[in-house]
Amino acid sequence: MLRLLSAVSLLLALALPALVGGQCAGQAPPADSTSLAPPYAFARPDAVFRLPNRLREISGLTLLDDGHLGAVEDERDRLYVIDLETGHVVRNEEFYKNGDYEGVERVDGRVFVLRSDGTLFEIEDWQADEYDATEHETPLGRANDTEGLAYDAANNRLLIACKESPGRGLDGVKAIYAFDLATNTLGADPVYTIPTARFTAEAGSDHPVNDKIRGIARPVWDLSGFKPSALALHPLTGHLYVLSSVRQAVVVLDPADGRVLDVWPLPEQPYEQPEGLAFLPDGDLFISTEGRGERAALIRLNYRPQDGTAN
């Protein structure tokens with residue numbers, strides 16, 4: 001404890017002079033960075049559905065069919081089926097036992113659910129009267145805090161995002177691993193790594209003092225605030241969207257090489273704690289957010305690639 005207090009005191013001592021003037025190192029985006037105009041009006045959602053209390057801690061979202069989304073929440077072992085036109089829950093079904101479930105993704109008729117310790121649960125047919133889930137263990141664990149789950153059809157794999165530790169020997173990044181659906185195995189190395197410095201530079205400032213401390217502490221601690229909570233591949237552009245629940249923002253990656261194309265900050269409202277992400281085939285986007293002082297929300301954003309504004 002004394003070491004921690006000493007480290008914090010040192011950081012504050014280093015940060016105070018920097019507050020007088022000058023920009024903290026690492027706050028400018030790389031010169032070769034790419035910028036995309038957001039095709040969604042994040043500040044003007046096309047619909048906001050408030051969800052029932054049982055989904056207050058909604059944590060994952062996927063498209064099940066033309067009219068329904070699937071969702072999971074942090075504490076209960078249930079797959080919730082939501083009418084995407086009304087936001088009403090039309091079915092909820094037990095699939096295993098209670099746990100910290102963070103991601104959900106449909107693969108054809110199957111549905112995979114991700115637990116925060118890296119374990120996957122496979123529901124063979126989400127339309128069946130009852131669910132009998134198969135458990136798939138992975139080398140990932142609680143320290144990784146796995147939250148994001150996406151289906152990469154072109155490579156027949158699931159993408160798993162780590163909210164916390166990216167893995168041994170990796171610093172200054174957040175990691176995304178791949179689960180091969182042909183062999184039911186997880187690759188030893190991440191397929192994508194996202195620099196937290198790029199996120200910090202472009203996600204916007206929550207407080208000038210925090211920004212200075214983040215820049216000074218970055219070699220030792222990850223204070224970027226980048227906490228991947230969901231991810232999904234855009235059906236039309238192929239870009240990989242990664243949602244951050246803390247310092248609410250969307251990071252857009254080029255799936256070919258993992259290059260960060262842009263970072264789009266989200267307004268505080270109605271994105272209190274964004275945890276789920278799902279696309280419709282036409283590019284329309286759904287984001288789910290946990291409830292903070294009110295009910296959780298399901299937010300619909302129509303795809304408008306010509307708008308070029310998120311304001």
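Please read all numbers here as calculations on a predicted model, not as lab measurements. Residue indices begin at 1 and follow the sequence shown.
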Tell me, do [X] and [Y] make a side-chain contact under 4.5 Å, heavy atoms counted?
X      : Y      : value
Leu63  : Pro281 : yes
Lys174 : Pro195 : no
Ser59  : Asp74  : yes
Glu57  : Glu75  : yes
Thr200 : Arg198 : no
His239 : Leu253 : no
Val81  : Val89  : no
Val260 : Val251 : yes

Do [Y] and [X] meet the salt-bridge criterion of a basic N to acidic O distance under 4.0 Å?
X      : Y      : value
Glu294 : Arg50  : yes
Arg300 : Glu85  : yes
Lys227 : Glu164 : yes
Arg157 : Asp180 : no
Glu73  : Arg54  : no
Asp46  : Arg304 : yes
Glu124 : Arg110 : no

- prompt: Checking ring pair (Phe, Tyr, Trp, His ring centres under 6.0 Å) against Trp264, which of Tyr241, Tyr40, Phe199 comes through?
  reply: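 For Trp264, the ring pair (Phe, Tyr, Trp, His ring centres under 6.0 Å) test succeeds with only one of Tyr241, Tyr40, Phe199, which is Tyr241.
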
- prompt: Among Trp126, Tyr101, Tyr131, which residue meets the ring pair (Phe, Tyr, Trp, His ring centres under 6.0 Å) test with Phe95?
  reply: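 The passing option is Tyr101.
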
message: Between Leu149 and Leu120, is the side-chain contact (heavy atoms from CB on, under 4.5 Å) condition met? List the steps.
response: CA-CA 10 Å; Leu149 186 66; Leu120 286 164; 3.9 Å; yes

[X], [Y]: one ILVMFWY side-chain cluster at the under-4.5 Å cut-off?
X      : Y      : answer
Phe121 : Val107 : no
Val246 : Leu266 : no
Ile299 : Val252 : yes
Phe286 : Leu243 : no
Leu233 : Leu61  : no

Which heavy-atom pair separates [X] from [Y] by the least distance, and what is that distance?
X      : Y      : value
Leu231 : Gly148 : CD2-C, 3.0 Å
Val48  : Pro270 : CG2-CG, 4.2 Å
Ala71  : Ile82  : CB-CD1, 3.9 Å
Gly187 : Tyr177 : O-CD2, 3.7 Å
Ala296 : Ile58  : CB-CG2, 4.0 Å
Leu64  : Val111 : CD2-CG2, 3.8 Å

message: side-chain contact (heavy atoms from CB on, under 4.5 Å), that's the test. Do Leu301 and Asp284 meet it? Break it down for me.
response: CA-CA 6 Å; Leu301 299 150; Asp284 286 0; over 6 Å; no

Return yes when atom [atom1] of [X] has more than 12 non-hydrogen atoms of other residues, nucleotides or ligands closer than 6.0 Å, and no otherwise.
X     : atom1 : answer
Arg91 : CZ    : yes
Asp66 : CG    : no
Glu94 : CD    : yes

Can any side-chain N or O of [X] pair as donor or acceptor with the backbone N or O of [Y] at less than 3.5 Å?
X      : Y      : value
Asp77  : Lys97  : yes
Tyr192 : Pro255 : yes
Arg106 : Asp108 : yes
Thr196 : Gly172 : yes
Thr289 : Gln273 : yes
Tyr271 : Phe42  : yes
Glu202 : Asp262 : no
Thr119 : Arg115 : no

field: Matching residue for Leu158 among Leu181, Asp152, Leu186, Leu114 - test: side-chain contact (heavy atoms from CB on, under 4.5 Å)
entry: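 That would be Leu181.
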
[X] side chain to [Y] side chain, donor-acceptor N/O pair below 3.5 angstrom:
X      : Y      : result
Asn98  : Arg76  : no
Asn144 : Thr146 : no
Tyr96  : Glu135 : yes
Asp145 : Ser116 : no

For the [atom1] atom of [X] and the [atom2] atom of [Y], what is their distance to the nearest 0.5 Å?
X      : Y      : atom1 : atom2 : value
Ser165 : Arg142 : OG    : CZ    : 14.5 Å
Ile287 : Leu298 : CD1   : CG    : 10.0 Å
Leu240 : Leu159 : CG    : CG    : 6.0 Å
Glu290 : Leu51  : CD    : CG    : 11.5 Å
Glu93  : Asp129 : CD    : CG    : 8.0 Å
Asp132 : Ile123 : CG    : CD1   : 10.0 Å

- request: Any chance you could lay out the side-chain contact (heavy atoms from CB on, under 4.5 Å) test for Thr62 and Leu69, step after step, and finish with the verdict?
  value: CA-CA 6 Å; Thr62 189; Leu69 297 166; over 6 Å; no

field: ring-ring contact (aromatic ring centres under 6.0 Å, His included) between His234 and Tyr303, worked out
entry: CA-CA 11 Å; His234 196 286; Tyr303 184 51; 4.8 Å; yes

- request: Evaluate the criterion side-chain contact (heavy atoms from CB on, under 4.5 Å) for residue pair Ile160 and Leu140; output intermediate values, then yes/no.
  value: CA-CA 10 Å; Ile160 299 176; Leu140 299 173; 4.0 Å; yes

